[in-house]
Structure formats: C-alpha cells, structure tokens
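Here the structure is laid out as structure tokens; the discussion comes afterwards.
So you know, we letter chains A, B, ... as the sequences are listed, proteins then strands, and number each from 1.
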There are 2 protein chains.
Amino acid sequence: MAARNPDKPAAREPKAAKKRGAVPRRPGRPTGGASAVDQRNRLIDSALALFAQQGIADTTLAAIAKAAGVTPAMLHYYFKTREQLLDVLIDERFLPVRKSIEEVFEANADDPAAAISLLVQRFMSIAEEYPWFASIWMRGVLSEGSLLKDRIRERFGDAHQKSAFQCIVRWQAEGRLSADLEPALVFMSLLGLTMLPLTAVKMWRDDPLRRELGAKEIARHALALLMHGVGPQLPAGKKLKKQVS
Amino acid sequence: MAARNPDKPAAREPKAAKKRGAVPRRPGRPTGGASAVDQRNRLIDSALALFAQQGIADTTLAAIAKAAGVTPAMLHYYFKTREQLLDVLIDERFLPVRKSIEEVFEANADDPAAAISLLVQRFMSIAEEYPWFASIWMRGVLSEGSLLKDRIRERFGDAHQKSAFQCIVRWQAEGRLSADLEPALVFMSLLGLTMLPLTAVKMWRDDPLRRELGAKEIARHALALLMHGVGPQLPAGKKLKKQVS
DNA sequence: ATATTAATTAACTAGGTAATTAATATACGG
DNA sequence: CCGTATATTAATTACCTAGTTAATTAATAT
C-alpha cells in the first residue's frame with residue numbers, strides 16, 4: 001500500500017475540480033447503449049487487468065472503477081462487496097480456463113510428449129486470449145496468501161491435480177518419461193518455462209535485448225528445452241532427425 | 001482517526017496494562033548482550049523475511065519493527081527513512097549475492113553444460129543460505145515496479161547481463177548449445193526451474209503430495225530437465241522401445 | 001403517472017502510516 | 001562516581017486510504 005504521498009491536496013472541500021473537458025457524465029440513468037450486463041463485464045475486465053498489473057492486494061475498488069470510467073459505488077451496485085467480486089472473478093473467468101488446462105492432460109494420458117507439448121501450446125493460446133491470466137496465476141503461485149488459491153481449491157478441489165500426478169508416475173514406470181524428474185515438479189516446470197516468461201516479457205518492453213520476445217519465441221524455447229534439454233541437437237552425427245517446428 | 005479537532009490531553013501517562021506479562025521492555029539502554037551492529041542486522045533480517053513473505057510494498061516499517069520485537073522508532077534510529085532502508089538492503093545483502101551468481105557465468109564462459117549446472121547449484125546454495133532471496137527475486141521479476149529492479153540496476157548496471165547474453169549466442173554459434181533456444185530466455189528458464197519452485201514449495205508445507213520437496217529434489221529435477229529434457233535417458237545395456245524424439 | 005433501474009455525489013467509518021519527539025535507562029571514559 | 005554518549009520506548013503528529021452507505025438524479029418501462 002503506497003501511502004507516501006508528499007503533496008497534500010488540501011482538506012475536505014467539495015470535489016469541484018472536474019478534469020476531462022470531454023464528458024463529465026452527469027448522474028442518472030444513462031441513455032441507451034451499454035446494457036447492464038455489458039457494464040458488469042467491463043468492470044470485471046478492468047478488475048482483471050489491474051489485478052494482473054499490480055496484484056490483487058494492491059488494487060482498490062476505486063482504482064478498478066476509475067479504470068472503467070465509473071464511480072466506486074458501481075462496484076458495490078454490481079458486486080455488493082469486494083469479496084464477492086473476487087468470487088465472481090473466480091467462477092466466471094478463472095475456473096473455465098483452469099478446466100481447459102486440465103482437459104489437455106486428461107485427453108493425452110497415454111502420450112507424455114504430446115501431453116506436454118500440447119500443454120505448452122495451450123498455455124500460450126490462453127495467455128493470448130486472456131492477457132491477465134499468466135500474471136495473476138504467477139502472482140498466486142508465490143503467495144497472495146489465501147486470496148485466490150485457497151478460494152479456487154475450495155470451489156474446484158484437487159482431484160485433477162492428483163490424477164495428473166499419478167499419470168506422470170505411471171509414465172515414469174513405463175519408461176516413457178525421464179525417471180530423474182520429480183513428478184510433483186513437472187507442472188511447476190511447465191509454468192516456469194511458459195507463464196513466468198510470459199509475465200516477465202511484459203515488463204521488458206523497454207529492454208533492447210528482449211523487446212522482440214513474444215509468445216511464439218517463448219513456446220519454441222520451452223519446447224526445445226523440454227524435448228532435448230540445452231545440449232545441441234545433432235551431436236556430431238550425420239543422421240538428421242526430422243525437426244518438428 | 002481523521003478527527004479534525006484534537007482536544008489535546010497532552011499528559012504523558014504510561015499506556016498501562018501492556019499485554020504479555022513477560023517483558024514490557026522499558027525504555028533505556030539495555031543491559032549487555034545485543035550490540036548495536038547486531039540490532040541493525042536483526043532489523044535487516046526481519047525486513048528481508050517480511051519482504052519475502054508479503055512483498056516489499058505491503059510491508060510497513062511498523063510491521064518490521066514488530067517482527068523484530070522493537071518499536072518503529074528503532075528503524076528510524078538505524079536507517080532514518082524507509083527508502084534508506086531499501087538502499088542498505090540492496091547494498092549489503094542483494095548485490096553480493098547477485099555478484100556471486102554472475103561470477104559463475106563468467107568463470108565458465110567456455111563450457112555451457114558446466115556453467116548451467118553450476119549455476120543451478122549456486123542458486124540452490126544461495127536459497128539455502130538466504131531464505132529470503134528466491135521469493136524477493138521472483139516477486140521482483142513480476143513487477144514490484146521500480147522498487148528493486150531499477151534501484152539495483154542503478155547501482156550495478158547491466159554489463160554482466162549483456163556479456164552473459166553474448167556468451168550464450170557464442171555457444172550456439174559454436175554448436176555447443178541447442179540452436180532452438182532463445183538466448184534472452186535462458187537465464188529466465190533457469191530461474192523458472194529453480195527459484196520459482198523454491199518459492200512455491202514454501203507455500204506447499206501443508207500439501208501431502210509435495211511436502212517432502214526440498215532444494216535437493218528441485219536441483220535434481222532441474223538438472224535432469226536441462227540436460228536431457230523430459231524424455232527417458234537411454235540406460236546402457238538395455239534396449240527399450242524406440243523413442244522418436 | 002409511477003415504479004424500476006442505473007448511476008452519481010458526498011460523506012462516513014475505521015484504520016493505517018511514516019516520521020519524530022521527549023523521556024529514560026544503561027554503559028563507559030575520565 | 002559523574003557526565004556524556006548511546007540505545008530504546010512511549011506517545012504524538014499529521015496525514016492518507018479504503019470500503020461502504022445514503023441520498024439523489026435521470027432514463028426508461030409499465
């Protein structure tokens with residue numbers, strides 16, 4: 001919570017100062033156009049964007065309202081409390097995405113290489129469609145205490161997680177997956193090779209060396225690492241394996 | 001309390017009834033033991049622990065003082081301001097560690113595999129010696145705006161980062177490192193396979209499947225992945241189903 | 001006309017927050 | 001054994017902030 005603001009805006013006077021010569025947006029029901037359900041979705045979108053940018057704990061209702069061009073009271077009108085806004089976010093936005101991730105694992109329970117590479121690609125397409133996802137998830141991984149993770153587990157359970165774990169153990173037993181891997185860390189590694197860089201590149205917009213990086217490069221890099229490690233692919237041999245792009 | 005009217009009692013009575021019958025710790029120079037430099041270090045340690053736990057922005061001076069069992073005024077005494085505390089943290093704790101990371105890269109500029117595996121091990125020993133490091137660094141990677149990253153760069157520059165980048169490019173040109181890797185993402189991948197899980201496991205203390213994970217398991221897993229990818233290693237002397245990679 | 005809905009303004013509540021002071025207790029050099 | 005330097009607490013100052021509610025206004029539907 002940044003509370004250190006040296007410039008003092010006087011005291012308790014009426015707000016008066018309306019910037020934005022454009023449209024001061026007078027009170028009362030607005031004319032036509034934006035339906036209630038649209039407004040609600042716009043508020044949710046604003047909330048997700050800000051949560052991704054600065055974290056959940058550091059985002060106030062006032063900030064969300066401002067980003068959406070409305071007053072804080074609107075948030076209460078549509079979501080009643082801050083807590084309920086979080087619940088709505090989880091139910092309507094997070095759970096569907098998470099489900100689509102787990103589906104990939106379950107649809108390829110008999111082919112580790114396919115499961116992993118499809119998972120990487122799924123991560124990438126999710127990140128493209130929902131720009132808030134990577135950042136919020138990564139933030140969730142390194143705490144945010146109970147704000148999201150516990151809440152999600154509460155609504156979702158961890159049955160899927162367990163079955164994925166057993167899947168990995170089975171692959172190893174069948175000799176189809178490196179036995180040196182730690183089953184409980186496989187998923188975290190995928191995160192670390194996809195969601196983490198995806199989140200990081202957003203902070204690199206002004207770094208000359210890394211400005212050009214996008215989802216495509218990240219996916220290529222992650223898949224190369226996952227499939228062969230860091231070593232060169234043709235170790236002095238002549239046999240050219242076919243290279244999947 | 002935004003009370004506009006401060007009817008001043010002005011009298012300075014002791015707060016009375018301090019909880020904790022133990023030791024209310026009256027003012028005045030304490031008897032023996034804790035030297036000034038010890039106290040200073042204890043305060044720094046408390047700050048780092050809290051920063052790692054809840055992030056820098058969400059940690060107040062009062063919280064740090066409380067964690068160290070002293071009053072907020074102590075922080076003022078030793079560090080003058082919050083900003084200066086951050087500067088001290090960076091100079092005395094962060095930069096030495098970061099330097100020790102970059103040394104590994106430079107000491108092994110002619111051997112990619114050694115550089116990478118030593119780097120992984122260095123990460124692990126750092127994380128063991130300085131439990132705050134992984135969490136604070138990871139938080140820094142995904143934003144915290146300018147709180148740390150810019151400050152560190154200001155004091156440290158990014159010459160090392162650039163030379164590491166060129167080192168990777170050279171390895172690729174020499175055919176000693178997979179050409180499918182993205183040079184700018186190699187370091188991030190190491191982070192994602194070490195610091196990220198290290199940070200995450202601290203949150204998994206109550207997860208039955210993942211409670212047992214420690215630095216050793218993470219290092220093993222990361223090295224396996226980095227060296228060979230997810231595929232099974234071909235054990236000598238036994239033929240197994242052909243794996244078209 | 002009336003009721004309902006969507007939205008705004010303005011204020012209130014309750015709690016931080018960093019910084020600084022005055023008082024106080026001990027340690028230490030002379 | 002006394003004065004001064006050091007270390008520490010209690011208390012205060014002077015703010016800022018967030019979430020929430022109440023009153024109100026205007027557009028629309030009945």
Side-chain angles (χ1 to χ4, degrees), chain A residues 1-18 23-40 42-43 47 50 54 56-66 68-86, chain B residues 1-18 20 23-40 42-43 47 57-66 68-86:
Chain A
M1 273 84 165
R4 296 156 279 284
N5 200 352
D7 53 331
K8 33 154 59 183
R12 199 176 271 256
E13 303 282 294
K15 260 291 163 55
K18 270 290 145 199
V23 240
R25 192 72 162 91
R26 307 203 347 265
R29 182 168 183 160
T31 160
S35 75
V37 89
D38 282 351
Q39 275 294 47
R40 205 183 100 109
R42 282 191 47 237
L43 291 177
L50 283 174
Q54 5 166 10
I56 295 174
D58 291 342
T59 301
T60 68
L61 292 183
I64 298 168
K66 195 175 162 195
V70 298
T71 63
M74 282 291 306
L75 273 306
H76 290 95
Y77 182 73
Y78 281 108
F79 306 104
K80 203 65 193 164
T81 70
R82 191 180 204 272
E83 295 285 285
Q84 283 188 52
L85 168 62
L86 285 180
Chain B
M1 265 70 156
R4 287 275 152 264
N5 187 5
D7 47 297
K8 45 201 347 271
R12 187 180 283 266
E13 287 174 37
K15 251 297 166 51
K18 269 283 147 219
R20 294 270 186 285
V23 238
R25 192 71 160 92
R26 298 184 20 248
R29 182 166 183 162
T31 156
S35 76
V37 86
D38 282 353
Q39 273 298 47
R40 207 182 97 108
R42 280 192 48 234
L43 291 176
D58 292 342
T59 302
T60 67
L61 292 184
I64 298 168
K66 197 175 163 194
V70 297
T71 63
M74 284 292 312
L75 290 164
H76 182 64
Y77 182 73
Y78 282 108
F79 306 104
K80 203 68 193 164
T81 71
R82 196 187 141 93
E83 295 285 287
Q84 283 188 51
L85 169 61
L86 283 181

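- Look at B/Q39 and you won't find any side-chain N or O under 4.0 angstrom from OP1 or OP2 of D/dA7.
- Separating the OH atom of A/Y78 from the C1' atom of C/dT5 is a distance of 9 Å, rounded to the nearest angstrom.
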Could you write out each protein N or O paired with an N or O of nucleotides 19-22 of chain D at a distance under 3.5 Å?
from: D/dG19; atom 1: OP1; to: A/R82; atom 2: NE; distance (Å): 2.5
from: D/dG19; atom 1: OP2; to: A/L61; atom 2: N; distance (Å): 2.8
from: D/dT20; atom 1: OP2; to: A/H76; atom 2: NE2; distance (Å): 3.0
from: D/dT20; atom 1: OP2; to: A/R82; atom 2: N; distance (Å): 3.3

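- Distance CG (A/L75) to P (C/dA7): 12 Å, rounded to an integer number of Å.
- Between A/Y77 and C/dA7 there is no side-chain N or O to OP1 or OP2 distance below 4.0 Å.
- The distance from atom CZ of B/F79 to atom P of C/dA18 is 15 Å, rounded to the nearest whole Å.
- One can place CZ of B/R40 at 16 Å from P of D/dT6, the figure rounded to the nearest angstrom.
- Contact between A/A47 and A/L85 at its shortest, heavy atoms only, is CB-CD2, 4.4 Å.
- With values rounded to the nearest 0.5 angstrom, A/T71 atom OG1 is found 13.5 Å from A/K66 atom NZ.
- As a whole-Å value, the separation of B/D58 CG from D/dA18 C1' is 14 Å.
- Across all their heavy atoms, A/V70 and A/M74 have their closest contact at CB-CG, 3.7 Å.
- Smallest separation of non-hydrogen atoms from A/A57 and B/D58: CB-OD2, 4.1 Å.
- Atom CD in B/Q84 sits roughly 15 Å away from atom P in C/dA18 (whole-Å rounding).
- Rounded to whole Å, the distance from CD1 on A/I64 to P on D/dA18 is 11 Å.
- Counting to the nearest Å, the C1' atom of C/dT17 and the NZ atom of B/K66 are 15 Å from each other.
- The shortest distance between side-chain heavy atoms of B/L43 and B/F79 falls below 4.5 Å.
- B/L75 contributes atom CG, which lies 10.5 Å from atom OG1 of B/T81 (distance to the nearest 0.5 angstrom).
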Bracket notation of DNA chain D in which parentheses pair within the strand, [ ] cross earlier pairs, and | pairs with another strand (Watson-Crick or G-U, under 3.5 Å) = ||||||||||||||||||||||||||||||

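- A/R42 contributes a side-chain N or O that, together with a main-chain N or O of A/A68, makes up a donor-acceptor pair within less than 3.5 Å.
- Checked by atom type and distance alone, the side chain of A/R82 never pairs as donor or acceptor with a backbone atom of A/L61 at under 3.5 Å.
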